[in-house]
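Just so we're clear, the structure is a prediction, and the values are computed from it rather than from any experiment.
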Amino acid sequence: HQMHSAHLLLKTQLLVCKRHPDDIGKYKYPAYALLLSCLDFPSKEYLDAGDIISSCLLREKRLEFVHTTVDLMFNTCLVSPLNAEELVHEKGFTSLDSILDFYIQALNLLTNVKTESDESEKRSQSNMVTSILVHIVHLISGVSYFENGRSAILSLKDPHRLCLNWCKCIDFRFLHYHTNGCNLLKRYALEGLASMSKSEQLRDMLICCGVVWPLMNCALLYDPTLDSSPNMTEDFESTISQAEVNYQAFLATRALGMLCGVMRGDLSTTPNPSLCDAMKNILTPPLARMLSNSQSEELLRTLNLNVENPVRLWDNKMRAELVSFVDLMEENTRSVECEDIKAVLEACSNFEYSNLSNEVNIGGIYIRIFNNMEIKDAIRDIPDISHFARSLIQFIGRSIQKSDHRENGEEVTEEKSSNHSRVMEDDSHWLSISDNRFVMAVRSVLHLVQLDGIVDDVICEKQSIEVILSLLNLSQHDQVMDLGCDILLLMSPKKGFADVFADCGALHILMSTLIFE
């Protein structure tokens, strides 16, 4: 009788809060301590499956009471941010963490374990438990927008447990079937990652709990033929519509960008080099660069289409290999607990796409594809032609220098992997001058020079002229030497090139080369 009376009082408060949010929002909610005392949940350590299933916390009346209590908590925080601070002050996150953990265990058992309850009763229980979880996750997501909310999570006895449960609300692997409200549970969990990622400690915990892999799976479910705009009136459903799947894919890529630390503005977070390197490896660098505010939708479209141009290379075969890898990583993360991000992401460094084994990516451009296109078509999608040209020159010079050291018997640092797409973004990457892909890089420079004036500013630099002249010394590689001569032939009539050529003493080098030949 007492619980019934208390339940009626809570329902009345909830009704007033929903109908008069502006008026109620002017006042601080005074009874959080009382509400939290109604949510005294047993510790996980003292419960087995039988205890959970038979617990009074899963009885119809008690479920309705808990549901109303957490719904009231959420709505009081919704009408006034000051209430969120008050809930944190009253140690509310400790209770919310316990409720979340208990009901996730309960939902796992209700949807997977055969009990004496009939199927309709179990589904009714499951749906009510899901509704409770939706309100808890929505509440935690909202409060964690504030710094003291994120601090409250970190001050929990075991914040790792909350992060692990948060991942479960995204991957749904603990469910045997989707319950009513699973659409909103996943949505609010994904939305909450935007706030949680603002904390470097929380971000690292989430990555160690394996949040990256269900986020990747969300992105791979995107349908490019539909709009990704959210349906803000989404109701509790046992199925997730494709429009909602698309919105969740958008939220997932936003979360990945924030976990990597590559977003800007209000979504900016501290850089995370370990995850950035992992994303470059498993998405390919051109696609990984799209994990930013302005390009997330384009990334989603690319992941679900066949694309081959100088900037992007992606097809169904690569997508299938990525799906298999993500599924494997998700399984491995569930079976092994790890608190070291580098250890969690270590497998990413060994991942490779089978059809990228002979591709070379220099300055963000796949040069095989670039060379096989008409130059005017090839440069259309390249955002910075000068950067591409300069990257080619630096790569060619580096490769010649390293090859010379090798021929002289000096120790040379090799590529990390001879069987992976090479991304020439630092000074350690090079190829032997006898490699056909080195010839491809030189040919790319010639193609750029053939389009009059487009990269003259780069080719007229002293370093570029010295590299081009060094090609003439590779007499044992006729094709490379011929390409170097063709580049000089096209540039020599230009005054800017001739002036720098003369000033740096290149004419003497050229004459010496001709005499030697």
Side-chain angles (χ1 to χ4, degrees), residues 224 280 283-290 292 294-295 298-299 301-303 305-319 353 355-399 420-425 429-431 433 435-461 463-465 467-468 471 479-494 496-497:
K280 287 178 184 178
L283 286 176
T284 73
L287 268 61
R289 292 191 192 98
M290 298 167 73
S292 61
S294 59
Q295 292 187 291
E298 189 61 27
L299 169 61
R301 290 183 178 277
T302 302
L303 284 173
L305 296 173
N306 290 326
V307 180
E308 181 173 303
N309 61 45
V311 179
R312 297 175 213 159
L313 179 56
W314 191 261
D315 58 26
N316 288 333
K317 182 179 179 182
M318 294 174 69
R319 174 188 164 85
Y353 291 103
N355 62 342
L356 293 186
S357 58
N358 291 315
E359 296 289 348
V360 184
N361 189 296
I362 303 176
I365 307 301
Y366 291 103
I367 62 172
R368 176 190 63 81
I369 301 173
F370 175 80
N371 288 345
N372 288 339
M373 295 177 66
E374 289 290 332
I375 182 63
K376 291 184 178 180
D377 295 330
I379 65 172
R380 187 174 297 137
D381 295 324
I382 299 177
D384 190 340
I385 299 295
S386 294
H387 171 72
F388 175 43
R390 193 168 284 109
S391 298
L392 284 168
I393 293 295
Q394 292 171 352
F395 165 73
I396 292 168
R398 193 161 55 246
S399 296
H420 190 268
S421 177
R422 292 163 176 77
V423 186
M424 313 309 175
E425 293 185 327
H429 293 87
W430 62 280
L431 289 171
I433 58 176
D435 194 308
N436 287 333
R437 292 165 295 181
F438 174 78
V439 180
M440 289 166 58
V442 179
R443 193 179 300 281
S444 294
V445 176
L446 177 59
H447 285 333
L448 289 173
V449 171
Q450 285 172 335
L451 195 61
D452 189 41
I454 194 170
V455 291
D456 284 4
D457 58 330
V458 176
I459 303 301
C460 290
E461 294 174 357
Q463 180 191 7
S464 299
I465 292 175
V467 169
I468 294 168
L471 296 174
Q479 191 176 7
V480 172
M481 188 173 178
D482 289 344
L483 290 170
C485 290
D486 290 341
I487 294 170
L488 285 175
L489 187 63
L490 289 169
M491 292 299 301
S492 56
K494 301 182 180 183
F497 182 83

Look at Asp435 together with Arg437 and state whether they make a salt bridge at an N to O cut-off of under 4.0 Å.
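A salt bridge links Asp435 with Arg437.
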_For Phe395 and Phe438, take the angle between the two ring planes, folded into 0 to 90°, and tell me which bin it lands in: parallel under 30, tilted 30 to 60, perpendicular over 60._
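Geometry flag for Phe438 against Phe395: tilted rings.
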Yes or no on side-chain contact (heavy atoms from CB on, under 4.5 Å) for Asn361 and Leu356, after CA distance, side-chain angles and deciding distance? CA-CA 10 Å; Asn361 189 296; Leu356 293 186; over 6 Å; no
Are the side chain of [X] and the backbone of [Y] linked by a donor-acceptor contact shorter than 3.5 Å?
{"X": "Ser399", "Y": "Leu431", "value": "yes"}
{"X": "Thr284", "Y": "Lys280", "value": "no"}
{"X": "Ser464", "Y": "Val458", "value": "yes"}

| said: Assess the residue pair Ile433 and Val480 against the criterion (side-chain contact (heavy atoms from CB on, under 4.5 Å)); give the C-alpha distance rounded to whole Å, side-chain angles, the decisive distance to 0.1 Å, and a yes or no. | reply: CA-CA 9 Å; Ile433 58 176; Val480 172; over 6 Å; no
Item to check | Residues which pass ring pair (Phe, Tyr, Trp, His ring centres under 6.0 Å) with Phe497, listed by chain and number, not counting sequence neighbours | outcome: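 Phe501.
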Minimum-distance pair of heavy atoms, taken over all atoms of [X] and [Y]:
{"X": "Tyr353", "Y": "Met318", "value": "CE2-O, 3.2 Å"}
{"X": "Ile468", "Y": "Gly484", "value": "CG2-O, 4.0 Å"}
{"X": "Phe370", "Y": "Leu448", "value": "CZ-CD2, 3.7 Å"}
{"X": "Pro224", "Y": "Leu305", "value": "CG-CD2, 4.0 Å"}
{"X": "Asp384", "Y": "His387", "value": "OD1-N, 3.0 Å"}
{"X": "Ala389", "Y": "Val455", "value": "CB-CG1, 3.7 Å"}

Can you find a pair of side-chain heavy atoms, one from [X] and one from [Y], that are under 4.5 Å apart?
{"X": "Asp456", "Y": "Val449", "result": "no"}
{"X": "Leu446", "Y": "Leu490", "result": "yes"}
{"X": "Val307", "Y": "Leu313", "result": "no"}
{"X": "Gln450", "Y": "Ile375", "result": "no"}
{"X": "Pro286", "Y": "Arg289", "result": "yes"}
{"X": "Leu287", "Y": "Leu303", "result": "yes"}
{"X": "Ile385", "Y": "Ile382", "result": "yes"}
{"X": "Phe388", "Y": "Pro383", "result": "no"}

Nearest-0.5 Å distance that lies between atom [atom1] in [X] and atom [atom2] in [Y]:
{"X": "Met491", "Y": "Cys460", "atom1": "CE", "atom2": "SG", "value": "4.0 Å"}
{"X": "Leu299", "Y": "Leu283", "atom1": "CG", "atom2": "CG", "value": "6.5 Å"}
{"X": "His447", "Y": "Leu451", "atom1": "NE2", "atom2": "CG", "value": "11.5 Å"}
{"X": "Asn309", "Y": "Ile369", "atom1": "CG", "atom2": "CD1", "value": "7.0 Å"}
{"X": "Ile365", "Y": "Asn371", "atom1": "CD1", "atom2": "CG", "value": "11.5 Å"}
{"X": "Arg368", "Y": "Met440", "atom1": "CZ", "atom2": "CE", "value": "7.0 Å"}

Can you confirm whether more than 12 heavy atoms, excluding those of Arg443, are under 6.0 Å from its CZ atom?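 Open.
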* With sequence neighbours left out, which residue pairs that include part of residues 386-396 fulfil the salt bridge (charged side-chain N to carboxylate O under 4.0 Å, His left out) condition? ->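 Only Arg390-Glu461 qualify under salt bridge (charged side-chain N to carboxylate O under 4.0 Å, His left out).
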Write out all pairs satisfying salt bridge (charged side-chain N to carboxylate O under 4.0 Å, His left out) with one or both partners inside residues 370-383, taking only residues at least two apart or from two chains.
->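 Those involving residues 370-383 are Asp377-Arg380.
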* To do: Starting from the C-alpha separation in whole Å, work towards a yes-or-no answer on side-chain contact (heavy atoms from CB on, under 4.5 Å) for Glu308 and Asp315.
  => CA-CA 8 Å; Glu308 181 173 303; Asp315 58 26; over 6 Å; no
Practice item. Test Met290 against Thr302 for side-chain contact (heavy atoms from CB on, under 4.5 Å), laying out the working first. Key: CA-CA 10 Å; Met290 298 167 73; Thr302 302; 4.1 Å; yes
